[in-house]
2 protein chains.
Amino acid sequence: MKKEITIYDIAADVGLSPTTVSRALSNHPRVKEVTRNKILHAAKNMGYQSNIFASSLRKRRSKSIGVIVPRLNSAFQSSVLAGMEKIATQAGYNLIISQSMESLEKEISNTKIMFNSRVDGLLVSKAGTTDNIEHFQPFFQKDIPVLFFDRVPENNHCTGVVINNTQAIYDATAHLIKEGCKRIVHVLGNLQINVYADRLKGYKYALMDHGFVFNADNVFTNELDEDSGERIVEKILKLNPRPDGLLVSNDTSAASCLIALKKRGIKVPEDLAIVGFNNDLISRMVEPNISTINYPSYHMGEVAMKNLINHLDDENQEILQKTNTITLRSALIIRDSSNRKH
Amino acid sequence: MKKEITIYDIAADVGLSPTTVSRALSNHPRVKEVTRNKILHAAKNMGYQSNIFASSLRKRRSKSIGVIVPRLNSAFQSSVLAGMEKIATQAGYNLIISQSMESLEKEISNTKIMFNSRVDGLLVSKAGTTDNIEHFQPFFQKDIPVLFFDRVPENNHCTGVVINNTQAIYDATAHLIKEGCKRIVHVLGNLQINVYADRLKGYKYALMDHGFVFNADNVFTNELDEDSGERIVEKILKLNPRPDGLLVSNDTSAASCLIALKKRGIKVPEDLAIVGFNNDLISRMVEPNISTINYPSYHMGEVAMKNLINHLDDENQEILQKTNTITLRSALIIRDSSNRKH
DNA sequence: TAGAAGTATGCAACCGATTTCAATACATTT
DNA sequence: AAATGTATTGAAATCGGTTGCATACTTCTA
């Protein structure tokens, strides 16, 4: 391996001390303009590259931020990550990304890796099976900020960036009721996850407020993947009387249901009205377009990252500690899958 | 900030030298079993956390790999990244990810950041406007392996992991011809990108081999986004005679075209047969399902990462240098959007 | 039993940038 | 001219793990 150019080499070259070189390179004000230029010039000429390990070792910060998501290959998550990357890069932070594959075990292992990598802060969207946050303890103890987004743990002292899931599904349910639905089925994911637990609440409240009685038979938890439609529709068709409204907790699954229903000759929205969640591309592409909740994923990434970085840069540690929850605006988008007035 | 536990503290605690502690912690064979256990035990008790900066500084490697993609929020890219993350984590490497936003300028800046972050290797899918690879020179000079995937530069000495784009579109074109299409339009992205340039070749070759004459009017370059359908269909309808086959270089755009066509009462596949590219979720969800090229994105991520890491671990540097291109299997999937026999 | 060979551990010099504490040079004020 | 202030620069310690070489101690061979 070739020899690295260090500040010592530069110092020798320009006849100054490493101290001054270091200061010049980091734009310290106490270096004469002329000196600084001379040093910068020499550094460029010699092909100097700062050694971040030495720098991080001494400064005790890595200028990198860890992100743990359940899965990288999800339309929602990748959009969040895109937002995060944009802000982080602007602020001079690197992004170290890993996925928990929805497994607590992997989340714990990733958390350890992030801790050992000495990230300056951590952004997490919980795995489905995570029911405690013990494994973040090392971060708390060292006052390394941990910020959750989308899927946040219950009863904790961490900041979370979320949408109001309860309100979102409340609105969607109320909308279906207004469209004349009498029996609304709600399909959601693992109820250990706040996101789905909150939505279920919204569903219940909306029913209650509109004079309907909650019936547990109308709630299914299910994988919300591309193949889920067949399974869900089978279950729906066994119900009597047949449901006329369907709230599905993501658009992929909603689209899959739509296809399964069409295949069986059930008309959407006439026989059964559908509302999805996320406002993914797919909701705008299937026929009929699926009503959904607009989830500001990219924006969520930006906001989460911005807050974390502000916290790091300002040394204004109270801000984040005092902020418990940042709620972003989500909104019901009504499309043809639930619009019965034409 | 609380004091960190270092190997010196452990050494003092167990009455040995830091050297031995260091060796014990990294499973060096020249430490007695008993001693090692004593040290590991003490380390655990004292809450020791190794300092990777110190370690990296001394060892001159970061155990991290950089990835630069055009965009994080793309179904294709996020799937590739998922595959990469899996392999990297298994092998004990961190992933530092950034996006070039299709801009050469940003790609250059990201490359610099990756270089300064001293990644042990770099994986790149080029930005659309990148026409040279000067900015990777520092990596080449330091023998840090750079491996391209999907979008690879022309005429270079780097390894690339790709599919055979020419063959893929050749097959798709031949398929459309077999279905009776007489005038086939090909819509693709920026021709500076090898991916699209190669596909254009495949299109031309297939026409030629089947006795058709290539006509530049039948080729459009276009943004391949969700809204592209309207623009593309408008152009198609201006052609005379009206085309009866359409090859679109990604499924999102193909789906968008499909919708624009249906809106105008043009029947697919009867009036116009469509083939997309990528085998994204959306191609399986719209009506009719879109024929497409299966792109093994997750697998591509795994293969690219595996090759890079093998190269790093084995010190078997020739392997990668001698391998110029790894081509993964892609395949035409025929669905209803181009299947006229029923 | 001397000497060889092998095992276990330690010393001290790294890796390269940062930062505290001072020193020096120069300018300004009284 | 002396005193005070200010702008520049430097010496040396530090961050914490790794590693070449040296040393102490066993065990084995001739």
Side-chain angles (χ1 to χ4, degrees), chain A residues 1-40 42-43 46-64 92 115-118 120 142 144 315, chain B residues 1-40 42-44 46-64 92 115-118 120 142 315:
Chain A
M1 187 179 294
K2 250 178 271 169
K3 212 199 146 297
E4 295 272 335
I5 305 292
T6 71
I7 54 168
Y8 298 93
D9 301 321
I10 300 178
D13 189 75
V14 298
L16 287 164
S17 74
T19 309
T20 306
V21 174
S22 170
R23 287 205 262 255
L25 291 170
S26 53
N27 270 321
H28 193 289
R30 280 196 338 208
V31 179
K32 222 201 292 183
E33 186 79 23
V34 191
T35 314
R36 183 201 321 289
N37 289 337
K38 192 163 60 173
I39 290 172
L40 292 179
M46 302 172 73
Y48 170 75
Q49 178 200 7
S50 164
N51 187 315
I52 42 149
F53 303 140
S55 171
S56 294
L57 174 59
R58 184 63 229 243
K59 289 201 295 193
R60 297 159 155 278
R61 49 192 330 226
S62 62
K63 273 280 177 180
S64 69
F115 187 66
N116 285 328
S117 302
R118 309 213 169 209
D120 291 340
K142 273 185 72 182
I144 301 170
E315 300 288 344
Chain B
M1 186 179 293
K2 249 179 270 168
K3 211 199 146 296
E4 295 272 337
I5 304 293
T6 71
I7 53 168
Y8 298 92
D9 301 320
I10 300 179
D13 189 74
V14 297
L16 286 163
S17 75
T19 307
T20 307
V21 175
S22 170
R23 289 206 258 255
L25 291 170
S26 53
N27 271 322
H28 192 288
R30 279 201 333 214
V31 178
K32 225 199 295 184
E33 186 80 23
V34 191
T35 315
R36 184 202 320 290
N37 289 337
K38 192 164 61 173
I39 290 172
L40 292 180
K44 189 156 209 174
M46 301 171 74
Y48 170 74
Q49 178 200 7
S50 163
N51 188 317
I52 43 147
F53 302 141
S55 171
S56 294
L57 174 59
R58 184 62 226 242
K59 289 202 296 194
R60 297 158 156 277
R61 51 194 325 226
S62 61
K63 274 280 177 179
S64 68
F115 187 67
N116 285 328
S117 302
R118 307 209 172 214
D120 292 341
K142 273 184 71 182
E315 300 288 343

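In what follows, chains are A, B, ... by sequence order, proteins preceding strands, each numbered from 1.
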Q: Just call it for Thr35(B): base, sugar-phosphate, or nothing, with non-hydrogen atoms closer than 4.0 Å on any strand.
A: sugar-phosphate
Q.
What is the separation between atom CG on Leu57(B) and atom P on dA17(C), rounded to the nearest whole Å?
A. 9 Å
(Q) Is any side-chain heavy atom of Tyr48(B) closer than 4.5 Å to one of Asp9(B)? (A) no
**Q.** Check: dT19(D) base within 3.5 Å donor-acceptor of Thr19(B) side chain
**A.** yes
Q) Does a nitrogen or oxygen in the side chain of Thr6(A) sit under 4.0 Å from OP1 or OP2 of dC15(C)? A) no
Q. Is the shortest side-chain N/O distance from Tyr48(B) to OP1 or OP2 of dG17(D) below 4.0 Å?
A. yes
Q: Assess whether one donor atom and one acceptor atom, taken from the side chain of Arg60(A) and the base of dG16(D), lie less than 3.5 Å apart.
A: no
Q.
Nearest 0.5 Å, please: how far is OG in Ser117(A) from CD1 in Ile52(B)?
A. 5.0 Å
Q) Base, sugar-phosphate, or nothing: which does Ser26(A) touch, judged by heavy atoms less than 4.0 Å apart? A) nothing
Q. Given the rule in the side chain to side chain contact (heavy atoms under 4.5 Å, CB included) test, do Glu33(A) and Lys38(A) qualify, once you have shown the distances and angles that lead to the verdict?
A. CA-CA 9 Å; Glu33(A) 186 79 23; Lys38(A) 192 163 60 173; over 6 Å; no
Q. Touch check for Leu25(B), heavy atoms < 4.0 angstrom, all strands: base, sugar-phosphate only, or nothing?
A. nothing
Q: Using heavy atoms to find the nearest nucleotide of DNA chain C for Ala54(B) and Pro18(A) separately, return the residue whose nucleotide is more 5′.
A: Ala54(B)
Q: Determine the contact category for Val31(A): base if any of its heavy atoms lies under 4.0 Å from a base atom, sugar-phosphate if only primed atoms, P, OP1 or OP2 are that close, otherwise nothing.
A: sugar-phosphate
Q | Residue Thr20(B), side-chain heavy atoms: nucleotide from dG17(D), dG10(C), dT9(D) that is nearest | A | dG10(C)
Q: Decide yes or no, distance alone: a donor-acceptor N/O pair under 3.5 angstrom between the base of dT7(C) and the side-chain of Arg30(B).
A: no
**Q.** Whole-Å gap separating P (dT9(C)) and NZ (Lys32(B))
**A.** 5 Å
Q: Kindly compute the distance separating CG (Leu57(A)) from OG (Ser62(A)), expressed to the nearest 0.5 Å.
A: 12.5 Å
Q. Just how far, in rounded Å, is P of dG10(D) from CD1 of Ile7(A)?
A. 12 Å
Q: Look at Ser22(B) and dT18(D) and indicate whether a side-chain polar atom (N or O) is within less than 4.0 Å of OP1 or OP2.
A: yes
Q | Protein-nucleotide distance (Ile5(B), atom CD1; dG17(D), atom C1'), rounded to Å | A | 15 Å
Q.
Could you tell me how far apart Asn27(B) (CG) and dG17(D) (P) are, to the nearest whole angstrom?
A. 16 Å
Q | Interatomic distance where NE2 belongs to His28(A) and P belongs to dT20(C) [whole Å] | A | 9 Å
**Q.** Quiz item: Arg23(B) side-chain donor-acceptor pair to dG10(C) base, under 3.5 Å
**A.** yes
**Q.** Phosphate OP1/OP2 of dA11(D) contacted by Ser17(A) side-chain N/O (<4.0 Å)
**A.** no
Q: Measure the spacing between CZ of Phe53(A) and CZ of Arg58(B) and express it to the nearest 0.5 Å.
A: 14.0 Å
**Q.** Distance-only donor-acceptor test, Ser50(A) side-chain atoms vs dA17(C) base atoms, 3.5 Å
**A.** no
Q: Scan Ile52(A) against the nucleic acid and name what it touches under 4.0 Å (heavy atoms): base, sugar-phosphate only, or nothing.
A: nothing
Q) Between Val21(B) and Arg118(B), which is nearer to the 5' end of DNA chain C once each is assigned its nearest nucleotide? A) Val21(B)
**Q.** Nearest-Å distance for atom pair CZ/C1', residues Phe53(A) and dC14(C)
**A.** 16 Å
Q) Taking the side chain from Gln49(A) and the backbone from Thr6(A), do they hold a donor-acceptor pair closer than 3.5 Å? A) no
Q. What is the distance from CZ of Arg58(B) to C1' of dA13(C), rounded to the nearest Å?
A. 8 Å
